[in-house]
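The analysis underlying the following values was restricted to heavy atoms, covering all of them including side chains, and did not include hydrogens, waters or symmetry mates. Starting from 1, each residue takes its place in the sequence as its number.
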Amino acid sequence: MKLIVLKAEQRVIVNKKKLKSLREYGYIPCTVYGKNKNINLFLDYYLIEKIIKNKTINKFIISINNEINITTILKEIQYHPINDKILHLDFCELNPNKYITYEVPIKHKGKPKGVYKGGEYIYKLRRLKIKALPKHMVDHIEINIENLDIGENFYVKNLNHLNQNKIVILHDSKTVISSVKAIKTEFNEKDEKENINEKENINEKEKTNDMK
């Protein structure tokens, strides 16, 4: 997982007018929470916006006034309800001896063999909720779907390559992550209807001949 250093300035409690003015000058308010910690800060808005747009999960070292460094993870983002601009961030301090619970995106490796046979690949779950110690945190979980055939599912229990001592998946083992389903085309449906009509016509002819 990538580690990013963010330079921050500590802030005292200010009113809404002052916060609005600071946002206009390219700053964003944030709070760092931790054991016996509740620190209010300002960060560079445009740097934060760029990081968030990448949609990757990162660990951050918050450097406060170039004096105090706190290792954190971003826990919550508050957006403006109309223009979707970032209004506020919450960071959580990481304790090296304490598990952190968070969600990671699932990345799919390969193309299912069922798709080569005409099947359709279906996403059931796009993110996994996991917990890990800070030193074992990952920014995604990769699954190999190359051997997935039509009618088959990829389950959470199939993630047996993960070291359960390092990463704990907080989903039931029978949870379906993805699957390959057969596609019933219009051509096949038309053929099926024609076959049914043909059988009905044959049956009617047989009945007529029997009556004669």
Side-chain angles (χ1 to χ4, degrees), residues 1-4 30-38 48 51-62 70-79 81 84 86-185 188-189:
M1 178 178 283
K2 192 174 181 181
L3 186 63
I4 299 175
C30 68
T31 304
V32 175
Y33 296 98
K35 188 176 181 180
N36 302 320
K37 284 189 182 74
N38 189 338
I48 288 296
I51 293 169
I52 291 174
K53 280 184 177 180
N54 285 335
K55 296 182 179 180
T56 56
I57 298 172
N58 305 291
K59 286 190 286 189
F60 299 92
I61 293 179
I62 307 292
I70 304 174
T71 304
T72 69
I73 187 171
L74 180 60
K75 290 293 288 184
E76 189 174 345
I77 306 171
Q78 182 184 345
Y79 292 95
D84 284 335
I86 303 166
L87 295 178
H88 190 273
L89 303 172
D90 285 339
F91 292 89
C92 177
E93 182 180 18
L94 294 176
N95 183 328
N97 300 313
K98 186 177 179 180
Y99 279 85
I100 182 79
T101 299
Y102 66 111
E103 289 189 349
V104 292
I106 300 169
K107 292 189 177 181
H108 304 256
K109 181 182 178 182
K111 187 175 181 179
K113 63 181 180 182
V115 171
Y116 289 107
K117 297 177 181 179
E120 181 183 4
Y121 185 61
I122 305 295
Y123 296 86
K124 301 285 187 179
L125 200 63
R126 293 183 181 270
R127 298 178 73 85
L128 282 175
K129 190 174 183 179
I130 66 173
K131 69 176 183 178
L133 292 173
K135 64 181 178 180
H136 296 144
M137 289 176 68
V138 296
D139 56 10
H140 71 277
I141 298 292
E142 183 175 271
I143 65 173
N144 191 323
I145 56 174
E146 293 176 342
N147 292 322
L148 206 61
D149 209 343
I150 293 175
E152 293 182 343
N153 299 319
F154 193 103
Y155 297 93
V156 166
K157 64 183 178 182
N158 297 131
L159 293 169
N160 51 19
H161 64 284
L162 295 178
N163 187 332
Q164 294 300 315
N165 293 324
K166 294 182 178 180
I167 298 174
V168 180
I169 300 176
L170 302 176
H171 293 267
D172 187 276
S173 62
K174 295 180 181 179
T175 301
V176 176
I177 294 176
S178 60
S179 61
V180 178
K181 73 172 186 178
I183 300 176
K184 195 170 185 179
T185 63
N188 289 337
E189 290 176 355

Candidate pair Val138 and Tyr102, rule side-chain contact (heavy atoms from CB on, under 4.5 Å), full reasoning: CA-CA 10 Å; Val138 296; Tyr102 66 111; 4.0 Å; yes
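At least one test fails for Lys111 against the ring of Tyr121: distance under 6.0 Å to the centre or angle within 45° of the axis.
Formation of a donor-acceptor pair under 3.5 Å by the Ser178 side chain with backbone atoms of Phe154 is not found in this model. Judged purely by atom type and a 3.5 angstrom limit, His136 has no side-chain atom pairing as donor or acceptor with the backbone of Ile167. With Asn153 contributing its side chain and Tyr155 its backbone, the two residues share no donor-acceptor pair below 3.5 Å. A donor-acceptor contact shorter than 3.5 Å is absent between the side chain of Lys35 and the backbone of Asn95.
A salt bridge does not link Asp139 with Lys2: none of the charged nitrogens is closer than 4.0 Å to a carboxylate oxygen.
No side-chain heavy atom of Leu74 sits less than 4.5 Å from a side-chain heavy atom of Asn58. Counting only heavy atoms from C-beta outward, the side chains of Asp90 and Gln78 never approach each other to under 4.5 Å. Annotation: side chain of Phe60 is in contact with side chain of Ile51 (closest heavy-atom distance under 4.5 Å). Between Ile106 and Arg126, every side-chain heavy-atom pair lies at or beyond the 4.5 Å cut-off. The closest side-chain heavy-atom distance from Asn158 to Ile177 is not below 4.5 Å. Side-chain contact between Tyr33 and Asn38 is present, with at least one heavy-atom pair separated by less than 4.5 Å.
His108 has its ring centre less than 6.0 Å from the ring centre of Tyr123.
For the residue pair Pro134 and Lys59, the shortest heavy atom distance occurs at O-NZ, 2.9 Å. Summarising the geometry of Ile143 relative to Leu159, their closest heavy-atom pair is CG2-CD2, 3.3 Å, with the distance given to 0.1 Å. Counting all heavy atoms, side chain and backbone alike, Val180 lies closest to Pro112 at CG2-CB, 3.7 Å. When every heavy atom of Leu94 is checked against every heavy atom of Met137, the shortest pair comes out as CD1-SD, 4.1 Å.
One distance of note links CD1 of Ile150 with OH of Tyr116; it measures 13.5 Å at 0.5 Å rounding.
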